[in-house]
Amino acid sequence: MSNRLRVAVLVCDTPIQPVLEQYGDYHAIFQALMKQGFKDLELSDEIDVEFSGYHVVNNPQFPELRDYDALLMTGSKHDAWADDEWIVGLTSYVTSVFEAKKPVVGICFGHQILARALGAKVGRSEIGWEISVEELNLTDTGKKLFGKNTLSIQQMHRDIVFDIPAGCTNLATSPICGVQGLYLPQRVLSVQGHPEFHEGIMSSLLEVRHASGLFNDGLYKDGLSRAGNPHDGRLIAKAMAKFIVEAQSSKS
């Protein structure tokens, strides 16, 4: 395997102002997360990882396949099931990336776009929002991938993936969302939650959405009570880093 890995980050949203000012944009936030993931693999002295960010909202320009080794898509406030021109274009692009056998990592909106690109139904949950730190029940594949029986992760969504694309395996379930992640060795790894979120980011999101009226008092207080709970974001980042390394190793 080459000691150089190039990861293209498709930035699918801009953080709310308090998060942007304190933690940077999603490219910066994901760089920090993934650098920790590669560091935890203890391969930082052997692999030089380069991250390139591409802001794709209302932008039809996507990176050339030859310019990266793995693709990562961030979360977003936008609907992955919508027919906006840029969302349809992004979905088609991800299909082409998958067909080119490039490894794809998807987070929340990215998870949903990936599922849509592979033919699964994506839409609005009738149950409602899933927010803050939640414990997921891992499938057998999820247990093997993460090395534990349950997984805790920050959540901020009410859109869900309804079914599992052909060839993929579901990683986890929760009472609100039955498809919490997708896996296909060396090809697909996604999670519905947000491994990049921590208490500071989650609390800011909850406050802004409560102030706007999107979250009622009960939902806001419930989310705030769990925003600082321990979660497995760092473990998930390590699993994503390992997935990318193994995909690249298979090509050498």
Inset, instruction - Establish, from distance only, whether the side-chain atoms of Gln154 and His194 form a donor-acceptor pair under 3.5 Å. - result: no
Legend entry - Test: Lys148 and Asp232 ion pair at under 4.0 Å: yes
Inset, instruction - Go through the steps for Asp79 and Arg124 under the test salt bridge (charged side-chain N to carboxylate O under 4.0 Å, His left out), then give the verdict. - result: CA-CA 9 Å; Asp79 296 322; Arg124 186 65 48 83; 3.0 Å; yes
Legend entry - Carboxylate-amine/guanidinium proximity below 4.0 Å for Lys35 and Asp48: no
Inset, instruction - Taking all heavy atoms of Val7 and all of Val49, pick out the closest pair and write down the distance. - result: CG2-CG1, 4.0 Å
Legend entry - Any side-chain donor near an acceptor of the partner, Asp159 and Trp81, under 3.5 Å: yes
Legend entry - Partner residues of His231 under the side-chain hydrogen bond (donor to acceptor under 3.5 Å, both in side chains) criterion, sequence neighbours left out: none
Inset, instruction - Would you kindly say whether Gln180 and Ser174 are connected by a side-chain donor-acceptor distance under 3.5 Å? - result: yes
Inset, instruction - Give the ring-plane orientation class for Tyr93 versus Phe62, where under 30° counts as parallel, over 60° as perpendicular and anything between as tilted. - result: parallel
Inset, instruction - Give a yes/no verdict on a cation-pi contact between Arg187 and Phe98, requiring under 6.0 Å between NZ or CZ and the six-membered ring centre and an angle within 45° of the axis. - result: yes
Inset, instruction - Could you tell me whether Lys77 and Asp13 make a salt bridge, using a distance below 4.0 angstrom between a side-chain N and a carboxylate O? - result: yes
Inset, instruction - Test Leu10 against every option in Ile113, Leu90, Asn59 by the side chain to side chain contact (heavy atoms under 4.5 Å, CB included) rule and name the one that passes. - result: Leu90
Legend entry - Electrostatic pair Lys144-Asp140, nearest N-O below 4.0 angstrom: no
Legend entry - Note, Leu136 side chain near Ile153 side chain (heavy atom, < 4.5 Å): yes
Inset, instruction - Tell me yes or no: between the side chains of Ser152 and Glu134, is some donor less than 3.5 Å from an acceptor? - result: no
Legend entry - Parallel, tilted or perpendicular: ring planes of His78 versus Phe109, cut at 30 and 60 degrees: perpendicular
Legend entry - Between Gln17 and Gln22: side-chain donor-acceptor atoms closer than 3.5 Å: no
Legend entry - Distance-only donor-acceptor check, side chains Gln192 and Gln112, under 3.5 Å: yes
Inset, instruction - With the side chain counted from C-beta on, respond yes when Leu71 and Val105 share a heavy-atom pair under 4.5 Å apart, and no when they do not. - result: no
Legend entry - Pairing of Asp67 and Arg6 as salt bridge, 4.0 angstrom limit: no
